[in-house]
Amino acid sequence: MPTQRLRSPRTLPVLLVLLVGACSGPLTDQPSQELRRSVMRSIEREIEEAERLAGPISFERPASVDDLELSDEVLTENARTSGPRSYRGELPPLGGSLNGSEFETVSVSLERVIATALENNLSVQFARLSPPISRAQAVAADSAFDWVFFTSAQWNQTDEQARGSTSIFVPASTAFSRFEGANFDVGVRRRLTTGADFSVSSTYNFVDDENPNGTTVSPDPSHTANILLQFDQPLLAGFGSDVNLADVRLAQNAERDDILSLKLELISTITNVENAYWDLVQAWANLQILDRLHKRGVRVVEDLKARRVLDTTSAQYAEARSRESDRLSNIIRAQRDLRAASDRLKLLINDPRLPIGSEVLLVPAQAPLESPVAFNKLDCFLTGLEARPEIARALVAVDSAGIRIRVAENATMPTLDARGSVEFTGLESHGTDAFQTATEGQFVNFVLGLFFEQPIGNRGALAGAEIRRLERMQTIIAFQNSIRTVIAEITSALADLATNYTLIGQAELTRIAASERLRARLVAEELTTALTPEFLNLKLNDQEFLARAEQDEIAALVNYNRAIARLYQSMGTTLERNKISFDVPDGERTGPLSPFHPFLRGIFEETEGSATIGAGGQAGDAEPTDDETDSEPGARYQPAVPLVPIAEHASAAP
């Protein structure tokens, strides 16, 4: 019996969007259907297993504290003396600042630093300027189809000699040419999307003949007026809206690409801010752990010092002092790491109230999430294929390559241009009469013409078309590679998420066991008076073992939260998770199709005007201004809701 393939309801729409985008426009050496099948195979191959095993998968922790068989009282005591929650409210020594004063501290939440970075990060500000530039370039390209008004005026006076005639009866004489004249032109013209040039113009000429030779002309002075309608249309090369709107559509695609680049920069910046925030959390935790370890060690060294007169040798005491000094050195290094982590976060958020050069340390106000999550691998893949800006940028590149192919293939055709014109003329002794005669259509001139040109061999145009076909093949390969890259990154992020969630349980079990080991040592210390150097050395070992276990636990928690951020980044939904609205204004439409309908515009599919996405974030400017929504793309925060690891499946963190 053949295996039935499970098709997610979202699979077909996503595949259709990708196929239409990848296969629109002229094709390369492959027929259209084969190209579609090739793209479809590459997509289905990547998601086949996830589609077959579609369904939610939950993370589990195989290690359990119950394996230690400890009573609730003991677990409560261990939680009070070890673990992330036991350090709440403790301020470790921060060391001296560069100016000799004490550090100031500012508590910041993850939502606040993301909102601040969204507004002030310099890379984001730089990326925000690219779409308006591209939009202006698109308007400039579209302006080629605007009406152009032209006019000119000229006055001239001629007084020159001319060769005369002679005969056997009439002696030779010099002729003269003297007259005054004026010329005035006015009209409008425009370029059409078919490639035609259409113009309507009128010319007025005035001539006053002052010939001294006695020759007379009539009428004198004379007024000539004409009205000219001219239409020049390419019939082969340069014909059609696909060719003549190419620059406009390429400029619009460039704007789309810049908007997607902005979205990509926002996702990258937010992810970097999250990682920097968790680095800061880990730096604070390491400093607290090392400070507590040092304080515990100081008490052991004092006990050894007191026993030097009894049974502690100089070597044993020196070893204990050496370990105490090493712990103090680790604190100094941890203080430096904390300052560096704080400065990295300040650099990313670029808050004017928190300059990088200030002696202010950021204090994380948010604990790492440790809630279990569930996920659907197929949904993650489809979400990534649908939401990742890299996929959309690859489709834009495919579309731009198709536009260039149409232009290049059109350029291989011969030049065959048609011209048609109608001219109404009038010649009278008064200017108004001349215009009246012209408008009455008594004297009409017609012109019909064809102009042909073809390069012999046509090698340049044929080579250009071949270049564009190969370039489009490259864009399709890049598109397929983007699909594979997205799938690979999502798979890796899910693996990291599962691994780090499991490590949280392992690290917690190890930390509780180490805490119980030290607690048992302290109980033995209270019950015996024989604090031998060997016993105190074991106590130092237990302290260090517990500190390493605590560091491993906080590292597992931080890495788990980094993995969550990376998963959303790999799916392209970081903005959704943080309740960020990414607004994209409607783009410009293409130029006119007809000279007689100046407001008729070609329709070219644009990016949607506004998309509000989100599942968590910090309250900020809830509503955009008119300028923000109408002029340039941007991102803003919506009213806050609690952050959750996976929007549909995860339970909210405490």
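Side chains included, hydrogens not; waters and symmetry mates left out as well; all remaining heavy atoms used.
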Student: Nearest 0.5 angstrom please: L522 CG to T81 OG1, how far?
Tutor: 8.5 Å

Student: Do you know which two heavy atoms are closest between P93 and I331, and how far apart they sit?
Tutor: CG-CG2, 4.5 Å

Student: To the nearest 0.5 Å, how far apart are CD1 in I490 and SG in C380?
Tutor: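 If we round to the nearest 0.5 Å, I490:CD1 and C380:SG are 6.5 Å apart.
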
Student: Looking only at the side chains, is there a donor atom on one of S86 and R292 sitting less than 3.5 Å from an acceptor on the other?
Tutor: yes

Student: Verify, without hydrogens or angle tests, whether T269 (side chain) and E265 (backbone) share a donor-acceptor contact under 3.5 angstrom.
Tutor: yes

Student: Under 3.5 Å, side chain of S322 to main-chain N/O of A318, donor-acceptor pair present?
Tutor: no

Student: L361 and S342: which non-hydrogen atoms are nearest, and at how many Å?
Tutor: CA-OG, 3.6 Å

Student: Any side-chain to backbone donor/acceptor pair from N120 onto D351? Under 3.5 Å, distance only.
Tutor: no

Student: If only side-chain N and O atoms count, and only distance matters, is there a donor-acceptor pair under 3.5 Å linking N330 with R333?
Tutor: yes

Student: What's the shortest heavy-atom distance between L385 and I391, and which atoms?
Tutor: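 Heavy atoms of L385 and I391 come nearest at O-CG2, 3.5 Å.
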
Student: Under 3.5 Å, side chain of S109 to main-chain N/O of Q366, donor-acceptor pair present?
Tutor: no

Student: If you take all heavy atoms of P355 and K346, which pair is closest and at what distance?
Tutor: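 Nearest heavy atoms, P355 then K346: O-NZ, 3.5 Å.
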
Student: Between the side chains of E516 and R519, is the shortest nitrogen-to-carboxylate-oxygen separation below 4.0 Å, so that they form an ion pair?
Tutor: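 Here R519 pairs with E516 in a salt bridge, since their nearest N and O are under 4.0 Å apart.
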
Student: If you apply the rule side-chain contact (heavy atoms from CB on, under 4.5 Å), what do you find for L290 with Q551, and how did you get there?
Tutor: CA-CA 9 Å; L290 293 173; Q551 289 176 321; 3.8 Å; yes

Student: Listed by chain and number, what are the salt bridge (charged side-chain N to carboxylate O under 4.0 Å, His left out) partners of D258, not counting sequence neighbours?
Tutor: none

Student: State plainly whether the residues R296 and D291 are in salt-bridge range, i.e. N to O under 4.0 Å.
Tutor: no

Student: Say whether, by atom type as modelled, one donor and one acceptor occur between the side chain of S325 and the main chain of R321 under 3.5 angstrom.
Tutor: no

Student: First locate atom CG of L110, then atom CG of L345, and finally report the distance between them rounded to the nearest 0.5 Å.
Tutor: 9.0 Å

Student: Check whether any side-chain N or O of S358 sits under 3.5 Å from a backbone N or O of L354 as a donor-acceptor pair, and report yes or no.
Tutor: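 Checked: no pair found.
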
Student: May I ask you to decide whether R327 forms a salt bridge with E544, counting only side-chain N to carboxylate O separations under 4.0 Å?
Tutor: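 Judged by the 4.0 Å cut-off on N to carboxylate O distance, R327 and E544 do form a salt bridge.
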
Student: Can you measure from CG (L262) to CZ (F126) and round to the nearest 0.5 angstrom?
Tutor: 12.0 Å

Student: Let me see the working for D326 and R323 under salt bridge (Lys or Arg N to Asp or Glu O under 4.0 Å), right down to the final yes or no.
Tutor: CA-CA 5 Å; D326 184 62; R323 294 172 77 168; over 6 Å; no

Student: Would L557 and N500 satisfy side-chain contact (heavy atoms from CB on, under 4.5 Å), going step by step from the backbone distance to the final call?
Tutor: CA-CA 7 Å; L557 286 169; N500 287 292; over 6 Å; no

Student: Does Q282 reach the main-chain N or O of I554 with its side chain, forming a donor-acceptor pair under 3.5 Å?
Tutor: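 Judged by distance alone, no pair lies under 3.5 Å.
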
Student: Say whether Q506 and T510, considering side chains only, have a donor N or O and an acceptor N or O under 3.5 Å apart.
Tutor: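 Their side chains do not contain a donor-acceptor pair, so the 3.5 Å distance test is not met.
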
Student: Please check this pair: side chain of Y568 against backbone of L575, looking for a donor-acceptor N/O pair closer than 3.5 Å.
Tutor: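 No; judged by distance alone, with no hydrogens or angles, the pair does not exist.
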
Student: Taking all atoms of both residues into account, what is the closest heavy-atom pair of K377 and L494, and its distance?
Tutor: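 In this case the closest contact between K377 and L494 is CG-CD1, 4.1 Å.
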
Student: Under 3.5 Å, is there a donor on one side chain and an acceptor on the other for R484 and N481?
Tutor: no

Student: Of all heavy-atom pairs between S82 and S515, which one has the smallest distance, and what is that distance?
Tutor: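 Reported closest heavy-atom pair: OG-OG, 3.1 Å.
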
Student: Once salt bridge (Lys or Arg N to Asp or Glu O under 4.0 Å) is applied, what residue pairs with a partner in residues 547-556 remain, sequence neighbours excluded?
Tutor: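 Salt bridge (Lys or Arg N to Asp or Glu O under 4.0 Å) check on residues 547-556 returns R511-E553.
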
Student: When you check the gap from the basic side-chain N to the acidic O, do E370 and R85 get nearer than 4.0 Å?
Tutor: yes

Student: Look only at the side chain of R388 and the backbone of S570, and say whether a donor-acceptor pair between them is shorter than 3.5 Å.
Tutor: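 Here the side-chain-to-backbone pair exists.
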
Student: Measure from the side-chain N and O atoms of Y560 to the backbone N and O of A498, and report whether any donor-acceptor pair falls under 3.5 Å.
Tutor: no

Student: To the nearest 0.5 Å, how far apart are CG in N286 and CG in L338?
Tutor: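 Interatomic distance, N286 CG to L338 CG, rounded to 0.5 Å: 10.0 Å.
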
Student: At what distance, to the nearest 0.5 angstrom, does CD1 of I504 lie from CG of N559?
Tutor: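 Here the rounded value is 9.0 Å.
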
Student: For the pair L94 and R339, evaluate side-chain contact (heavy atoms from CB on, under 4.5 Å) and give the outcome as yes or no after the intermediate values.
Tutor: CA-CA 9 Å; L94 303 177; R339 292 194 292 269; over 6 Å; no

Student: In terms of side-chain heavy atoms, does R566 have a donor or acceptor partner in S492 at a distance below 3.5 Å?
Tutor: yes

